[in-house]
Amino acid sequence: MQSSHILFEFNQNPLYSDHMRLLRSSIADMENVITQQTAMRQGLYERNRCELFQGNVHFIDDNTIEVEYYDGTREPLTAEKFVIACGSRPYHPADVDFTHPRIYDSDSILNLHHEPGHVIIYGAG
């Protein structure tokens, strides 16, 4: 959604826009950016020989973690340093009906099959 904000700011700024030619972006464009950023980060990890482990983690001591994989198996890992990337999930406030066909979260909006005329962002961290 940051890219949407940047496009809006660009289109509203008289220094960059003559209002005759507005920049536009589609949901597919944004999804493409996300895919490219994910691939770029994956490449950085591979070039730096970082092993990736996906699951839930807790520290056993300063140099040991235990990974609980999604299949339920566990594995202790020891290293001098760890990078923990905790990821994120969309927040669903209780007062917003996410079963409504026109309400999306940051994940489901990428699955739109149409271009909305307007988007209202409620919240956003």
Side-chain angles (χ1 to χ4, degrees):
M1 291 302 131
Q2 181 182 4
S3 55
S4 299
H5 179 72
I6 291 169
L7 280 173
F8 176 79
E9 291 290 322
F10 180 87
N11 287 333
Q12 297 299 313
N13 190 325
L15 291 173
Y16 303 114
S17 177
D18 60 10
H19 296 288
M20 300 297 289
R21 183 179 50 107
L22 297 177
L23 291 179
R24 302 248 182 248
S25 178
S26 68
I27 298 293
D29 292 335
M30 288 184 226
E31 190 169 11
N32 188 36
V33 168
I34 292 168
T35 301
Q36 289 176 5
Q37 287 181 344
T38 301
M40 178 191 68
R41 285 185 177 89
Q42 183 71 31
L44 289 171
Y45 298 140
E46 290 170 0
R47 277 194 303 279
N48 289 290
R49 296 183 306 268
C50 295
E51 291 186 64
L52 300 179
F53 302 89
Q54 294 185 2
N56 295 311
V57 176
H58 71 272
F59 278 89
I60 295 173
D61 60 40
D62 289 347
N63 298 99
T64 309
I65 60 172
E66 182 179 68
V67 180
E68 180 182 351
Y69 296 104
Y70 299 118
D71 66 1
T73 60
R74 296 173 182 261
E75 178 182 13
L77 300 171
T78 302
E80 184 178 329
K81 296 179 183 176
F82 293 100
V83 175
I84 308 291
C86 59
S88 66
R89 288 185 204 84
Y91 173 60
H92 286 190
D95 62 335
V96 178
D97 179 11
F98 283 89
T99 63
H100 190 282
R102 293 181 63 180
I103 296 179
Y104 302 91
D105 61 28
S106 58
D107 288 344
S108 63
I109 199 165
L110 296 175
N111 297 321
L112 281 180
H113 299 291
H114 66 282
E115 293 292 326
H118 295 84
V119 175
I120 297 172
I121 299 174
Y122 173 82

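- Under the rule for a side-chain hydrogen bond (donor to acceptor under 3.5 Å, both in side chains), T35 has no partner lying at least two apart in sequence or in another chain.
- Taking Q36 as the reference, N32 meet the side chain to side chain contact (heavy atoms under 4.5 Å, CB included) condition, with sequence neighbours excluded.
- Not a single side chain to side chain contact (heavy atoms under 4.5 Å, CB included) links D62 to another residue, sequence neighbours left out.
- Between the side chains of S108 and N111, no donor-acceptor pair of N or O atoms lies under 3.5 Å.
- Evaluation of the side chain to side chain contact (heavy atoms under 4.5 Å, CB included) rule for E46 yields Q42 as partners, not counting sequence neighbours.
- The hydrophobic cluster analysis finds I60 isolated: no Ile, Leu, Val, Met, Phe, Trp or Tyr side chain comes under 4.5 Å of it, directly or through other members.
- Among residues two or more places apart in sequence or in another chain, the side-chain hydrogen bond (donor to acceptor under 3.5 Å, both in side chains) test is passed with N48 by none.
- Scored by the side-chain hydrogen bond (donor to acceptor under 3.5 Å, both in side chains) test, D107 finds no partners at all (sequence neighbours excluded).
- At most 12 heavy atoms of other shown residues, nucleotides or ligands fall within 6.0 angstrom of atom CD in E51.
- Grouped by direct or indirect side-chain proximity (heavy atoms under 4.5 Å, Ile/Leu/Val/Met/Phe/Trp/Tyr only), I120 sits alone.
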Identify each donor-acceptor pair in which a side-chain atom of residues 70-87 lies under 3.5 Å from a protein atom, sequence neighbours left out, and give them as a table.
unit_1: D71; atom_1: OD1; unit_2: T73; atom_2: N; d: 2.9
unit_1: D71; atom_1: OD1; unit_2: T73; atom_2: OG1; d: 2.7
unit_1: R74; atom_1: NH1; unit_2: E66; atom_2: OE1; d: 3.0
unit_1: R74; atom_1: NH2; unit_2: E68; atom_2: OE1; d: 3.3
unit_1: E75; atom_1: OE1; unit_2: Y69; atom_2: OH; d: 2.3

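- For F98, the ring-ring contact (aromatic ring centres under 6.0 Å, His included) test picks out H92, with sequence neighbours left out.
- Listed by first then second residue, pairs satisfying ring pair (Phe, Tyr, Trp, His ring centres under 6.0 Å) with a partner in residues 32-58 number zero, not counting sequence neighbours.
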Please evaluate residues I103 and V96 with respect to the criterion side-chain contact (heavy atoms from CB on, under 4.5 Å), reporting the C-alpha separation (whole Å), side-chain torsions for both, the decisive distance (0.1 Å), and the verdict.
CA-CA 8 Å; I103 296 179; V96 178; 3.9 Å; yes
